[in-house]
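Below: the structure, in structure tokens.
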Amino acid sequence: MNLLASMRYLVALNEHKHFGRAAQACHITQPALSNALRALEAEFGVVIVKRARVYLGLTHEGERVLATAQRMLRDNEVLLQELRSDADNPHGSLRMAAVPTAIPMLSRFAAMLQERHPGIVPAVLSMSSQDLETGLENLSIDLALGYTERMHLPGIKLAAWPQSVEHYFLLRRAKKPSSDQLRIGQPLSWAEAGKLPLCLLTSDMHNRAIVDQALREAGAPVNPAIETNSVLALALAVSAGKVCSVLPGGMVDAVRTHRELEALPLVGPDVRTPIGFMTQDGVRASRALEAALAFMQATEWQAHLQAHEGSLGD
């Protein structure tokens with residue numbers, strides 16, 4: 001039995017919650033995956049997977065094996081990167097994830113990091129805040145970009161690097177397209193925004209909780225015309241239809257070339273939310289993660305961050 005491969009199959013099964021999809025993700029057949037997991041159970045003398053016609057989850061003992069598997073796979077990746085890298089040329093994968101509204105920032109960070117260190121292969125993932133917390137806890141992601149104020153994991157200490165503060169804008173179609181880029185209009189109250197047909201993120205997103213709270217404080221109803229879990233869908237819905245949306249400045253900055261749109265700063269209340277990078281503290285960093293943490297402090301990234309920060313010149 002290849003212990004490391006079997007541990008990888010267990011992690012894949014936990015991620016996909018389905019034997020067939022887990023096998024496909026691991027590029028093996030479903031019987032091969034099932035046989036490897038049974039061999040793992042025989043090795044440890046415990047039942048790991050609850051079995052029926054469909055996947056039912058892991059046993060209590062299985063959860064403990066899973067936690068060890070996650071640590072083993074990460075330690076293996078850290079070791080591989082140390083063996084393949086030299087002092088100035090880190091090599092290896094780097095799994096990074098951000099809440100949807102921070103994806104533009106993370107995408108730019110990944111591109112600039114990869115240009116500086118071609119040996120690093122970043123993965124840029126969009127996740128809800130809850131999934132970010134899970135990823136940090138089980139070490140399935142190396143670096144998270146999200147709402148630092150809500151990240152509190154029991155028994156786990158996180159290290160955070162503040163990056164920006166979200167300011168919120170109403171995005172809508174302009175009555176007349178501008179000559180060059182999206183126009184920044186006059187401030188609008190949240191109460192007035194609540195009267196408009198809004199396209200908002202779904203209720204499982206923390207950004208939606210922020211928007212709902214601001215609307216309630218302003219005495220406005222929370223009754224979206226469209227809901228989506230995609231920030232791209234938010235912007236496209238505004239471009240294509242008569243709905244408006246509420247977006248943080250970083251997202252508005254990402255669509256500034258759309259001349260047919262305008263963004264109005266939202267006030268009353270003045271809502272500002274800190275965004276930052278986070279990792280699990282006390283865990284040995286891979287060479288790729290070390291390079292990413294160093295790049296955060298670089299003048300090049302700090303200047304880029306300031307140029308695209310969320311106030312849009314407020």
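The first residue of the sequence shown is numbered 1, and numbering continues consecutively from there.
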Practice task
Measure from the ring center of His206 to the ring center of Tyr147 and say whether it is less than 6.0 Å.
Solution key: yes
Looking only at side chains, do [X] and [Y] share a donor and an acceptor under 3.5 Å apart?
X	Y	value
Gln163	Trp301	yes
Tyr168	Thr101	no
Glu217	Gln213	yes
Ser140	Gln70	no
His304	Arg108	yes

Problem - Ionic contact status for Lys176 with Glu262, cut-off 4.0 Å - result: no
So do the side chains of [X] and [Y] get within less than 4.5 Å of each other, counting heavy atoms only?
X	Y	result
Leu125	Met96	no
Arg216	Val222	yes
Leu247	Leu170	no
Arg287	Glu82	yes
Met72	Asn76	no
Leu234	Thr228	yes
Met251	Pro104	yes
Leu145	Met105	yes

When you measure from the side chain of [X] to the backbone N and O of [Y], does any donor-acceptor pair fall under 3.5 Å?
X	Y	answer
Gln114	Phe109	no
Thr202	Glu227	no
Gln302	Met296	yes
Ser189	Gly268	no
Arg208	Leu201	yes
Glu61	Ile48	no
His16	Asn14	no
Glu41	Val49	yes
His117	Glu115	no
His258	Leu261	no

Problem - Parallel, tilted or perpendicular: ring planes of Phe19 versus Tyr55, cut at 30 and 60 degrees - result: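 Perpendicular, since the angle between the ring planes exceeds 60°.
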Practice task
Show your reasoning for whether side-chain contact (heavy atoms from CB on, under 4.5 Å) applies to Val283 and Leu139.
Solution key: CA-CA 9 Å; Val283 176; Leu139 301 176; 4.2 Å; yes
Look at the side-chain heavy atoms of Ile, Leu, Val, Met, Phe, Trp and Tyr, link any pair under 4.5 Å apart, and say whether [X] and [Y] land in one connected group.
X	Y	answer
Leu58	Leu33	yes
Met112	Trp161	yes
Leu4	Val65	yes
Met7	Leu80	no
Val243	Trp190	no

I need the minimum non-hydrogen distance between [X] and [Y], along with the two atoms involved.
X	Y	result
Val238	Cys244	CG2-C, 3.8 Å
Arg74	Ala285	NH2-CA, 4.0 Å
Pro221	Leu215	O-CD1, 4.2 Å
Pro100	Asn229	CG-O, 4.4 Å
Ala263	Leu171	CB-CD1, 4.3 Å
Val255	Ala235	CG1-CB, 4.2 Å

If you measure from [atom1] on [X] to [atom2] on [Y], what distance do you get to the nearest 0.5 Å?
X	Y	atom1	atom2	result
Ile141	Leu132	CD1	CG	5.0 Å
Arg21	Gln30	CZ	CD	10.5 Å
His91	Ser85	NE2	OG	6.5 Å
Glu137	Leu158	CD	CG	9.5 Å
Ser129	Asp204	OG	CG	9.5 Å
Asn138	Leu66	CG	CG	7.5 Å

Exercise for the section: Show your working on salt bridge (Lys or Arg N to Asp or Glu O under 4.0 Å) between Arg95 and Glu77 and close with a plain yes or no. Expected result: CA-CA 11 Å; Arg95 286 177 62 84; Glu77 176 62 25; over 6 Å; no
Practice task
Evaluate the criterion side-chain contact (heavy atoms from CB on, under 4.5 Å) for residue pair Ile210 and Val271; output intermediate values, then yes/no.
Solution key: CA-CA 8 Å; Ile210 294 170; Val271 182; 3.8 Å; yes
Handout entry: Full working for side-chain contact (heavy atoms from CB on, under 4.5 Å) between Met127 and Thr134
Key = CA-CA 10 Å; Met127 293 183 177; Thr134 300; over 6 Å; no
Looking at [X], I want to see if its [atom1] is surrounded by more than 12 non-hydrogen atoms of other residues, nucleotides or ligands under 6.0 Å.
X	atom1	answer
Arg51	CZ	yes
Asp180	CG	yes
Lys17	NZ	yes

Practice task
List the steps and the verdict of side-chain contact (heavy atoms from CB on, under 4.5 Å) for Asp270 and Arg272.
Solution key: CA-CA 7 Å; Asp270 183 19; Arg272 306 193 176 202; 3.3 Å; yes
